[in-house]
Q: 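Could you have a look at this structure, given as structure tokens, before my questions?
Here, residue 1 is the first one in the sequence, and each next residue gets the next number. Keep in mind that what you see is a predicted model, and the values were worked out from it rather than measured. Read the numbers this way: they start at 1 and go in the same order the structure lists the ligands and their atoms.
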Amino acid sequence: MTLGFNTLAIHAGTEPDPATGARQVPIYQTTAYVFRDADHAAKLFNLQEVGYIYSRLTNPTVSALANRVAALEGGAGAVCCSSGHAAQIMALFPLMQPGTNVVASTKLYGGTIQQFTNTIRKFGWSAKLVDFDDPKAIAAAIDDNTRALFCETICNPGGAVSDLDAIARVANQHGLPLIVDNTTATPYLCRPIEHGATLVVHSATKYLTGNGTVTGGVVVDSGKFDWSASGKFPSLAAPEPAYHGLNFHAALGGMAFTFHSIAVGLRDLGMTMNPQGAHYTLMGIETLPLRMERHVQNAQAVAEWLEADPRVDFVTYPGLKSSPYHNLAKMIVPGGAGALFTFAVKGGYDACVKLVDHLKLFSHVANLGDTRSLVIHSASTTHRQLSDEQRAAAGASSNVVRLSIGIEDLRDIIADLDQALTAATA
Ligand SMILES: *Cc1c(COP(=O)(O)O)cnc(C)c1O
């Protein structure tokens, strides 16, 4: 019998510490690990035996977290990284070569649009941003140099829900992997691999840790993609010069991506998660199901309250019947439409800024997925460096404020919004 999600959130990837019996996962604050002898060392370096060498590659606390997130997402393996943005580079790294591109959604988190439009060009990669609500537009953007599709389950901040099944069908028809950023949904609300995703990326900074203490990321591999079929993924399915000519797919099958990410990706890019951060995230995940249940309950109620308020123009929460994504949300995130959305205050930009300044319980921060309720005016902060068109496409126009609804008492959250709306629209 497979264990349930609540059980996995507490137990997956961890056993009592073999050396001490410690019940909680110890923080293995060590850089290196003593080899039994020269033969043992050689076997580890040849990937003939799995074990610990050096903490830029693997560390027992970090591995426990990777295994737990892999179990929650239903993946074959996972690799932890120093941030969500590091996870995105690590997801693309084994797939891409200079001259290749990723076809990605226009509705991605602003930081990702920035990373994809400018920074990855320095590696010789590029991104084509298209409307992922339209499978035909995705198919039309794919060319011979495309190596992946990339979208978010519930888009930050606009509350658009991606039709993962339809997008995965396009990816399949073209023999390409689909990468899904599942940060805002978490595996509690959606398991993208069950909808056809190949890789799932997370900013562990957000709901997985859940209390704003960690910067971290995770890439989960479904283990199901055939890297050898098309000849387009030589790092994984041809002799890899960066690892003495090993063909990872031939040698490691469904674990090819995970092993390449550790043996080459972490080794050479060094975007490693630290054991302290992994420990905090493991603690956070133990209560992920309980927190997410309250997050979505509160978010649904706050969204309904705001929508009925005459001081508010509109609310983008996909859990509302008025949302164009409402029916899709029922299929993709049936347990609740997340806890992140935007709403438009009557009075535009000035009223938004006033609202943010008058909120007391809400913290004005560039973060989401905290137990605390958070607010930000995306247009003047996280999406500031984008053009007006990019902002509008991403659902971050200047007249909207983004809320990340916490797990406080609902009446306190609403009372705070009520008094700030009064001040903002006076
Ligand atoms: C925050 C965020 C990221 C980036 O994660 P960091 O941990 O801040 O690097 C990526 N995608 C989404 C959807 C995010 O919310």
Q: Could you state the interatomic distance from OG1 (T287) to CZ (R294), rounded to the nearest 0.5 Å?
A: 12.0 Å
Q: Hey, is ligand 1 close enough to N156 that some N/O pair sits below 3.5 Å?
A: yes
Q: Strictly below 4.0 Å, N to O, side chains only: are D409 and R411 in salt-bridge contact?
A: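 Between R411 and D409 there is no salt bridge, as every charged N stays at least 4.0 Å from the carboxylate O atoms.
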Q: Applying salt bridge (charged side-chain N to carboxylate O under 4.0 Å, His left out) to D418 and R311, what does each step give before you reach the verdict?
A: CA-CA 10 Å; D418 192 23; R311 295 165 295 186; 2.6 Å; yes
Q: Tell me whether S203 has any N or O atom under 3.5 angstrom from an N or O of ligand 1.
A: yes
Q: Report yes if some N/O of E152 lies less than 3.5 Å from some N/O of ligand 1; otherwise report no.
A: no
Q: Ignoring hydrogens and geometry beyond distance, is a side-chain donor-acceptor pair present between N118 and Q114 at under 3.5 Å?
A: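 There is such a pair (donor and acceptor under 3.5 Å, judged by atom type) between the side chains of N118 and Q114.
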Q: To the nearest 0.1 Å, how far is atom 13 (C) of ligand 1 from its closest protein heavy atom, and which atom is that?
A: D181 OD2, 3.3 Å
Q: Nearest 0.5 Å, what's the CE-SG distance between M90 and C81?
A: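 One gets 4.5 Å once the value is rounded to the nearest 0.5 Å.
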Q: Please list the nearest protein heavy atom to atom 1 (C) of ligand 1 with its residue and the distance rounded to 0.1 Å.
A: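 The answer is K206 NZ, 1.4 Å.
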Q: Flag the pair R23 and D17 as a salt bridge only when some basic side-chain nitrogen lies within less than 4.0 angstrom of an acidic carboxylate oxygen.
A: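 Here R23 does not pair with D17 in a salt bridge, since their nearest N and O are not under 4.0 Å apart.
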Q: Would you tell me whether Y325 and D133 have side-chain atoms, one donor and one acceptor, within less than 3.5 Å of each other?
A: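 Looking only at side-chain atoms, D133 and Y325 do form a donor-acceptor pair, the distance falling under 3.5 Å.
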Q: Mark up the atoms of ligand 1 that fall under 4.0 Å of a heavy atom belonging to L368, in ascending order.
A: 15 (O)
Q: What do you reckon, does C155 put a non-hydrogen atom under 4.0 Å from ligand 1?
A: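 C155 does not count as a contact of ligand 1 under the 4.0 Å cut-off.
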Q: To which protein heavy atom is atom 7 (O) of ligand 1 closest, and what is the distance rounded to 0.1 Å?
A: T205 OG1, 2.6 Å
Q: Side chain or backbone, does Y109 bring an N or O within less than 3.5 Å of an N or O on ligand 1?
A: no
Q: Counting distance only, does the side-chain N/O of T425 pair as donor-acceptor with the main-chain N or O of L421 below 3.5 Å?
A: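 At least one qualifying donor-acceptor pair exists.
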Q: For ligand 1, which atoms, with element, lie under 4.0 Å from some heavy atom of G216?
A: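 So the answer, numbered in order with elements, is 7 (O).
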Q: Among all protein heavy atoms in this structure, tell me which lies nearest to atom 6 (P) of ligand 1, with the distance rounded to 0.1 Å.
A: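 For atom 6 (P) of ligand 1, the nearest protein heavy atom comes out as G84 N, 3.3 Å.
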Q: Ligand 1 versus L108, non-hydrogen atoms closer than 4.0 Å: side chain, backbone, both, neither?
A: neither
Q: Near Q88, which atoms of ligand 1 are under 4.0 Å from a heavy atom of that residue?
A: 10 (C), 11 (N)
Q: Roughly how far apart are T184 OG1 and Y109 OH, rounded to 0.5 Å?
A: 12.0 Å
Q: In the protein, what heavy atom is nearest to atom 4 (C) of ligand 1, and what distance, to one decimal place, separates them?
A: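 Looking at atom 4 (C) of ligand 1, the protein heavy atom closest to it is H85 CD2, 3.6 Å.
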